[in-house]
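Note that the coordinates shown come from a computational prediction; the quantities given were computed from them, not determined experimentally. Just so it is clear: chains get the letters A, B, ... in the order the sequence lines come, proteins before strands, and each one is counted from 1.
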Amino acid sequence: MARRRVIIGVVIGVAVIGGLFVLLSGGKKSPLEAIGIGSSSPPVPEFTFTTVTAGVQPTVTNVDKKKHLAAAEHAAPDVEVVVTQLLQAGYIDPETWGDVGAIEDLFTSDAQKELEANVETLTLGVDADATFATVQPEASKLKVTSLTDGNAKVIRAMAQPWFSAIAANDDGTFTEISVTGTLFLVHDGDEWKIEAFRLNREMKPGEAPVTSPSASASASESP
Amino acid sequence: MTKKLLAVVLGLSAWITGTVAATIGHTGTAAAQSLLKLERAHADYTPSLSGNDPIFILVLGSDSRPGTPMNKGRSDSIHILGINPATHRGTLYGIPRDSYVSLSTGGTDKINAAMPVGGPAAEVATVEQLTGITFDYYVLSGFNEVTQAVNQIGGLVVDVPYSVVGYAQTFEAGTHRMEGSEVLGYARTRHSLPTGDFARSLNQGVVLLSALSQFRAEYAKDASRMYAWLGAGLRNTETTVPIDELIKLAGLAQSMPATKVTNLVAMGSSGMQGSQSVVYLSDQNTALWQDLAADGFILQKDIPAAAQPDPT
């Protein structure tokens with residue numbers, strides 16, 4: 001009789017411990033996975049734009065167009081870094097999905113006040129890890145247009161990303177993600193900061209990723 | 001035997017518990033998946049002018065011909081643009097170029113005579129002296145510049161309130177997409193208008209409000225259009241509005257439809273001063289300018305009929 005009580009007690013104890021493992025792992029992992037046995041998190045992909053295009057919008061007439069375009073081409077990589085960081089933290093890295101703190105340094109102080117209200121689009125969302133396991137970037141492109149002054153100095157920049165990715169969902173299906181729109185950037189010290197934004201995100205059922213993007217760059221002139 | 005049984009029971013218990021619990025967890029995830037909104041999400045922020053203090057911009061059109069600097073021509077188009085950031089209201093108050101007033105550069109003459117002498121600053125000072133309004137900025141453009149700016153944004157849709165017989169063409173009432181030369185022709189037409197310079201000034205306000213409406217529509221559809229407008233605007237104007245402020249004005253424009261911007265022209269009567277035709281401004285304007293100076297706008301209900309002359 002006493003032995004039976006011990007067995008029942010042990011069974012209940014194991015059940016409780018198993019339940020705790022599941023709770024602590026967010027319901028995604030088995031008890032063994034929860035203690036780090038039998039699985040490991042896949043490495044986080046590194047996002048880069050496949051194509052980056054530079055354009056220029058002079059604010060004065062009768063300019064040396066080549067000189068202004070050269071200034072725009074020089075500025076584009078720095079702007080690209082900011083947009084890449086935004087998409088890497090907001091969409092690719094599961095650790096920072098929905099995390100305003102991970103992206104706020106990319107914005108001006110005024111724009112930072114608007115991040116909470118827009119976090120569901122600037123990132124995959126605060127509850128993204130309840131649905132998605134990983135996000136794999138697909139071929140994406142970026143157009144950077146610079147406003148230049150009479151001295152061919154870039155005074156503002158506008159980034160138009162066409163971001164594409166495939167999310168592996170927790171239930172084994174896939175979701176196609178695209179982010180498009182416009183980011184307006186201003187020089188803040190030695191860095192570019194996003195001062196305004198208008199982004200759209202679309203999601204639809206997708207298929208497993210098959211390609212791995214690589215980066216290249218080209219330039220063109222805006223009207 | 002008992003130990004073996006205990007071990008089996010323990011193992012089974014752990015496996016069942018873990019599996020059941022993990023299944024419950026995945027069921028929750030599946031529910032979350034079904035709740036996931038796959039439609040569009042949208043993020044939107046543009047810095048905007050804020051605060052209770054009104055902003056005043058003097059919008060000037062120079063009559064300078066090619067080869068002459070804009071700021072050395074006469075200011076044949078004069079509009080006070082008042083903006084109230086808090087209420088998202090504004091007012092365009094046109095002043096006929098023939099208005100006979102005291103000039104900041106000295107003496108009394110047509111109001112457009114100040115700029116050839118002292119540049120835009122003198123014109124600003126003259127209008128400040130006349131109205132009691134202190135301007136934050138000015139924007140100056142010219143014939144060629146207006147034409148080019150309109151062409152560079154791809155034309156301007158103007159809602160023509162009544163038919164106007166212009167110098168080169170007739171502008172029928174209704175909505176028309178105009179090229180730069182057409183916009184200039186419409187804005188310059190005076191002789192065929194029953195109230196001459198007064199109606200012309202009002203029509204120039206119509207063009208400015210059309211630009212506001214079109215910018216709002218284009219920016220709402222594609223935010224990148226902001227740079228096309230900024231580029232075209234800055235290339236074809238001389239202005240003291242800083243780029244930071246321009247971007248905030250663009251942001252404010254999103255919440256300020258043209259219907260919240262009243263368009264009126266200074267009241268007065270035509271007369272002769274020596275051999276030249278002039279406009280004598282009415283004292284009625286003083287109360288309206290005080291109203292405008294106070295908060296940056298004048299409500300439609302407060303505008304006398306004479307300030308929006310009926311061309312028919």
Item to check | Under 3.5 Å donor-acceptor, Y227(B) side chain and F184(A) backbone | outcome: no
Checklist entry - Got more than 12 heavy atoms from elsewhere within 6.0 Å of CD, E104(A)? => result yes
Item to check | side-chain contact (heavy atoms from CB on, under 4.5 Å) assessment of R198(A) paired with H42(B) | outcome: CA-CA 7 Å; R198(A) 178 172 286 178; H42(B) 187 65; 3.5 Å; yes
Next on the checklist: Other residues, nucleotides and ligands only: do more than 12 of their heavy atoms fall within 6.0 Å of NZ on K193(A)?
Outcome noted: yes
Checklist entry - Step by step, would you call L147(A) with I243(B) a side-chain contact (heavy atoms from CB on, under 4.5 Å)? => result CA-CA 10 Å; L147(A) 275 183; I243(B) 185 84; 4.0 Å; yes
Checklist entry - Do other residues, nucleotides or ligands put more than 12 heavy atoms under 6.0 Å from D127(A) CG? => result no
Item to check | Closest non-hydrogen atom pair, N118(A) against A43(B) | outcome: OD1-CA, 3.2 Å
Checklist outcome for this item: When every non-hydrogen atom of S224(B) is compared with those of T182(A), the smallest separation belongs to N-OG1, 3.6 Å
Checklist entry - Should we say atom CG of N62(A) is surrounded by more than 12 heavy atoms from elsewhere, each under 6.0 Å from it? => result no
Item to check | Steps toward side-chain contact (heavy atoms from CB on, under 4.5 Å) verdict (Y45(B), D110(A)) | outcome: CA-CA 10 Å; Y45(B) 169 67; D110(A) 283 345; 3.5 Å; yes
Item to check | Approximate separation, where rounding is to 0.5 Å, of W229(B) CH2 and Q57(A) CD | outcome: 13.0 Å
Item to check | Residue-level interface, residues 148-156 of chain A with chain B, non-hydrogen cut-off under 4.5 Å | outcome: R156(A)
Checklist entry - Checking E195(A) against chain B: side chain, backbone, both or neither under 4.5 Å from a heavy atom? => result both
Next on the checklist: Checking E176(A) now: which residues fulfil salt bridge (charged side-chain N to carboxylate O under 4.0 Å, His left out) with it, not counting sequence neighbours?
Outcome noted: K204(A)
Checklist outcome for this item: When rounded to the nearest 0.5 Å, the distance separating CZ of F197(A) from OG1 of T46(B) is 8.5 Å
Item to check | Pairwise distance OG1(T61(A)) to CD(Q148(B)) - rounded to 0.5 angstrom | outcome: 7.5 Å
